[in-house]
2 protein chains.
Amino acid sequence: MEHNLRDYFEKTLKEVAIDCVIFGFHAGELKVLLLKWKGTDGWSLPGGHILLDESANDAANRILMERTGLGEIFLQQYYTFGAVNRYTHYSEAELLEKLEITFGKGFFEGIIFRRTVSIGYFALVEFDQVSPAPDWFTDECRWWNLADVPALLFDHNEMIERALTALRQHIRNQPVGYNLLPEKFTMPELQRLYETILDRQFDRRNFQKLLMSYDILEKLDEKRVGVANKSPFLYRFDKLKYERAMETGVAFSM
Amino acid sequence: MEHNLRDYFEKTLKEVAIDCVIFGFHAGELKVLLLKWKGTDGWSLPGGHILLDESANDAANRILMERTGLGEIFLQQYYTFGAVNRYTHYSEAELLEKLEITFGKGFFEGIIFRRTVSIGYFALVEFDQVSPAPDWFTDECRWWNLADVPALLFDHNEMIERALTALRQHIRNQPVGYNLLPEKFTMPELQRLYETILDRQFDRRNFQKLLMSYDILEKLDEKRVGVANKSPFLYRFDKLKYERAMETGVAFSM
DNA sequence: CCAAAAGTGTTCTACCTACACCCATGG
DNA sequence: CCATGGGTGTAGGTAGAACACTTTTGG
């Protein structure tokens with residue numbers, strides 16, 4: 001990642017940005033990764049620009065890798081945001097002013113700002129595997145509960161909303177969990193993930209029956225210990241079968 | 001639409017294009033509208049660039065209006081194409097050379113070509129209502145049967161494929177037909193539309209039962225005459241109910 | 001011993017699927 | 001009168017939805 005704005009802009013497409021809604025799941029809550037911009041109280045999604053010799057999908061993967069350290073994970077384009085004015089919270093002028101104060105006069109010298117269209121991606125990542133890393137113009141990078149997300153810079157609140165809609169659509173046809181849960185997990189944990197994403201409750205028996213019918217789960221001989229109730233069995237995804245199910249699709253109908 | 005490339009480029013975003021897959025339905029065949037570029041034997045999807053004061057969605061609507069004369073019709077963004085090299089059939093150099101021969105030396109003077117990312121939209125339009133109109137750098141605009149589409153410029157074959165996938169996904173959750181069929185149509189015609197899009201056959205009785213259950217169709221007291229068999233009843237969409245069904249969604253499960 | 005949460009199977013219902021005969025029209 | 005294609009209803013099967021009691025564990 002460049003530390004000089006001009007250099008960075010010369011190597012990238014200027015009118016196209018990439019923004020990633022990175023979903024994680026922890027303690028029964030769906031979370032997104034957000035960055036706080038230096039010298040402002042404004043938060044945004046992790047994003048960036050496409051290098052001239054890089055595809056949009058590669059750029060999204062690179063950005064994800066830079067923020068989370070993770071590669072090879074589920075990442076999907078879901079919508080491109082092309083409104084004329086994508087600034088909310090702060091106007092463009094206000095934001096530029098604040099950044100100039102923080103980074104010094106001349107920060108934007110030689111840079112012509114044009115309107116930017118942003119390609120939205122959403123990613124599903126394993127919460128514990130992520131070490132959130134701010135970049136050169138942000139000073140904080142952390143998980144937020146979906147319900148607590150504040151007013152964000154640009155149109156990023158709308159981006160999260162649409163990403164959630166896309167995720168809900170996604171979960172109806174493809175299995176979800178491989179990238180969001182730790183390697184071993186219990187059936188109630190998986191159920192809670194589905195319940196959180198879809199914001200509704202399922203019957204335990206029906207849920208188990210349906211998920212087992214996908215033939216992507218391996219029931220282990222281990223149980224989770226240390227809980228003040230009957231020990232639940234641990235499960236693990238069969239990666240090959242899971243990937244096959246991603247291709248052929250499944251019907252989540254409850 | 002500008003007739004001077006430089007002027008046009010100064011008023012638009014350069015690195016972002018819009019391409020529209022315009023679907024029509026006629027004589028039991030699904031069709032797309034294609035344009036032939038002057039001075040080449042290359043066909044492409046109708047497309048264009050976003051004006052500086054226009055949203056991406058507005059641009060797509062404008063392009064659709066320019067090519068078909070239709071507004072207020074179903075148009076949906078489905079994917080953004082961001083590969084590094086989106087030229088197939090002809091390379092960028094070959095294409096520019098041909099265009100320079102046709103439009104004269106100096107046609108590209110003062111224009112810096114950069115890589116372009118393209119936002120794909122698909123539209124459903126009523127075949128008979130469309131008067132295909134070429135634009136200033138194309139000399140033909142006509143319908144092609146989906147099966148007969150030739151090798152296109154850029155990545156437009158892939159765009160059509162993905163649009164078809166998006167349409168097939170769409171038809172499973174939303175009613176389809178209002179924009180593709182004439183005002184009055186028979187149940188077998190509607191069925192043939194569904195069969196063509198999904199490339200499979202349905203049982204007449206089951207199809208009728210399911211579509212009527214959506215409560216979006218009005219059975220008329222008229223029949224289609226002039227066919228060498230029993231006259232089929234005519235139906236019409238109830239626009240209000242149709243729009244409500246678009247919002248709430250339907251389950252097409254056969 | 002109590003509270004909390006997990007394990008487990010069956011019944012009912014609704015919807016999807018399969019299926020066939022008669023009728024109207026034009027040629 | 002014949003060929004073509006449309007109009008119409010029912011029965012069976014499958015899959016989704018509803019539902020409760022017992023067991024294990026930690027405190």
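Reading DNA chain D from its 5' end, the first and the last nucleotide to sit under 4.0 Å from a heavy atom of chain A are D:dG16 to D:dG26.
Across the protein-nucleic acid pair, A:Tyr235 atom OH and C:dA6 atom P stand 12 Å apart, rounded to whole Å. At whole-Å resolution of the value, CE in A:Met212 and P in C:dG9 are 13 Å apart. Between A:Gln208 atom CD and C:dG7 atom C1' there is a gap of 8 Å when expressed in whole angstrom units.
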How does each nucleotide of nucleotides 12-20 of chain C score, in 5' to 3' order, for protein heavy atoms under 4.0 Å: base (B), sugar-phosphate only (S), or none (-)?
----SBBBB
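Among the protein residues, A:Arg224 comes within range of no part of the nucleic acid, since none of its heavy atoms lies under 4.0 Å from any strand. No engagement by A:Lys223 is indicated, since no non-hydrogen atom pair under 4.0 Å with the nucleic acid exists.
Donor-acceptor pairing under 3.5 Å is recorded for the side chains of B:Asn57 and B:Tyr121.
Between B:Phe207 and B:Phe252, the ring-plane angle classifies as perpendicular under the 30° and 60° cut-offs. Relative orientation of the A:Tyr78 and A:Phe81 rings is perpendicular, given thresholds of 30° and 60° on the angle between their planes.
Between A:Glu218 and A:Lys241, no side-chain nitrogen of the basic residue sits less than 4.0 Å from a carboxylate oxygen of the acidic one, so the salt-bridge criterion is not met. The existence of a salt bridge linking A:Asp41 and A:Lys36 is excluded, since no basic side-chain nitrogen approaches an acidic carboxylate oxygen closer than 4.0 Å. Between B:Glu195 and B:Arg200 there is no salt bridge, since no side-chain N of the basic residue sits under 4.0 Å from a carboxylate O of the acidic one.
A donor-acceptor pair is defined here as one N or O able to donate and one able to accept, closer than 3.5 Å; such a pair exists between the side chain of B:Asn157 and the backbone of B:Pro150.
OP1 or OP2 of C:dC21 has not a single side-chain nitrogen or oxygen of B:Lys230 nearer than 4.0 Å.
For the pair B:Val225 and A:Ala228, nearest-nucleotide mapping onto DNA chain C gives the more 5' position to A:Ala228.
In this structure, A:Arg162 is positioned above the aromatic face of A:Tyr79, its NZ or CZ under 6.0 Å from the six-membered ring centre and within 45° of the axis.
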